[in-house]
Structures are given as C-alpha cells and as structure tokens.
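Report on the structure given below.
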Amino acid sequence: QQPVQSPQAVILREGEDAVINCSSSKALYSVHWYRQKHGEAPVFLMILLKGGEQKGHEKISASFNEKKQQSSLYLTASQLSYSGTYFCGTGELTTGNQFYFGTGTSLTVIP
Amino acid sequence: DAGVIQSPRHEVTEMGQEVTLRCKPISGHNSLFWYRQTMMRGLELLIYFNNNVPIDDSGMPEDRFSAKMPNASFSTLKIQPSEPRDSAVYFCASSLGGGGLQHFGDGTRLSIL
C-alpha cells in the first residue's frame with residue numbers, strides 16, 4: 001500500500017525549516033527516507049525501525065510514530081543543497097519485507 | 001567501494017524490440033530491487049529478490065516483463081516485446097536484507113519509439 005506524503009511540494013528560503021509527512025494505512029515496521037535530485041538516483045537519508053527512535057543527520061532528522069503509522073522528516077535551517085524530491089519508503093508488518101515508496105515531496109530552497 | 005552498477009545508461013529502441021537491462025548489486029548485499037520511475041506514476045517497485053529468489057513480483061506490469069537473478073552478482077530485467085508506454089527510468093537497488101537501506105544504481109533511461 002503506497003504511503004501518502006504531504007505536502008506535495010514546498011518552496012523555502014534558505015535558512016527556513018520544513019516538515020514532510022509520510023502516512024500509511026498499514027502497520028509498519030520500518031520507514032526509510034530518500035532524497036532524489038533531478039536526473040539522479042534516489043539517495044538514502046535514514047531508516048527508522050519499529051521500537052525506535054528519532055534519528056538525525058546534521059540538520060535533517062526524522063521521527064516514526066508506530067501507533068499512528070506515520071513518519072515525519074524535519075529539515076532545519078535549510079540549505080540550497082536540500083532541494084530535491086523526498087520519498088519515504090515503508091516496510092509493512094503484514095506483508096513481511098514488502099516495501100513501498102511514497103508519492104514524493106518536491107522541495108525547492110531558494111536564496 | 002563500487003556501488004550498484006546498471007547498464008546501459010540509456011537505451012533507445014523501436015516498439016516491438018526486446019530490451020534487456022542489467023544490474024550488478026553491491027557485493028555482499030543479498031536483496032535486489034527493480035524499480036520503474038515515471039512522472040505519472042512515480043517510483044514503482046517491480047520485483048524484489050532475496051538471496052537470488054524472487055520474493056514478490058506483484059509489481060511487474062504484465063507478462064511482457066520478466067526478471068532473473070542467476071547469481072548473487074547479476075540480475076536482468078527483460079521487456080519483450082517493448083511498447084512506447086514502457087518508456088521510463090529503470091532503477092536497480094540492493095540492500096543487506098529486505099528491510100535494509102537501499103543503494104540505488106544510476107538508472108537506465110529507456111525510450112521506446
């Protein structure tokens with residue numbers, strides 16, 4: 001079941017913060033976050049597992065609420081290099097290792 | 001370390017022709033994924049292998065598509081016969097375990113005329 005991301009698109013000025021949400025209708029055991037720049041392959045950002053945890057990588061962090069079957073990606077003090085399309089990927093408990101990518105969120109950071 | 005290697009990078013062919021896309025996963029990774037990406041449908045999982053065995057091919061669009069993984073270091077995705085609607089970027093990704101982080105290849109940009 002493809003997770004739904006929101007917002008679909010966001011435009012930020014450098015230094016502003018953003019939150020991208022990922023929501024599934026299925027019970028999840030993992031959530032992945034990826035960023036894809038135009039014309040390039042998706043690049044892994046982080047993975048959150050059931051029973052965790054909030055993870056962070058520099059100014060990008062994420063949380064995973066198992067009960068709500070939701071994850072959020074937090075980008076603080078955004079930089080121009082953060083521009084791209086962000087995808088969440090979810091591993092569902094009921095289907096074992098089945099993995100679905102979300103609908104994507106286009107993020108543009110302007111000077 | 002070498003990443004996931006896909007070939008060719010670009011393929012342009014005529015409708016009806018057979019197309020074969022190739023992927024070499026990262027050494028030691030035991031899970032391999034084939035994805036298709038289009039503007040309309042986003043990133044779609046086509047098939048997933050674990051230890052060279054297809055685990056889930058429910059994303060394969062139709063019988064014209066087939067995928068094989070004869071050994072741990074090589075996989076192919078074949079389209080026969082190809083149609084214009086198959087035009088897309090096809091990504092291969094590998095991971096350590098089905099739930100592990102996925103490393104993507106650079107993709108194959110396929111255009112069917």
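Quick note on labels: first sequence line is chain A, next is B, and so on, each numbered from 1. On a predicted model such as this, the values are computed, not experimentally measured, just so you know. Side chains are part of it too, since the values below use all heavy atoms of this structure and drop only hydrogens, waters and symmetry mates.
Counting only N and O atoms by type, the side chains of S31(B) and N50(B) include a donor and acceptor under 3.5 Å apart. Using modelled atom types and a 3.5 Å distance limit, the side chains of E14(A) and Y82(A) yield no donor-acceptor pair.
One N or O on the side chain of D17(A) and one on the backbone of A77(A) form a donor-acceptor pair closer than 3.5 Å.
The hydrophobic cluster containing I11(A), built from Ile/Leu/Val/Met/Phe/Trp/Tyr side-chain heavy atoms closer than 4.5 Å, also comprises I110(A). Under a 4.5 Å side-chain heavy-atom cut-off, the cluster of Ile, Leu, Val, Met, Phe, Trp and Tyr residues that includes I26(B) is completed by V4(B). Under a 4.5 Å side-chain heavy-atom cut-off, the cluster of Ile, Leu, Val, Met, Phe, Trp and Tyr residues that includes M60(B) is completed by M15(B), V19(B), L21(B), L32(B), W34(B), L46(B), I47(B), F49(B), F65(B), M69(B), L77(B), I79(B), Y90(B), L110(B), I112(B).
Contact annotation for residues 37-44 of chain B against chain A (heavy-atom separation below 4.5 Å, listed by residue number): Q37(B), L43(B).
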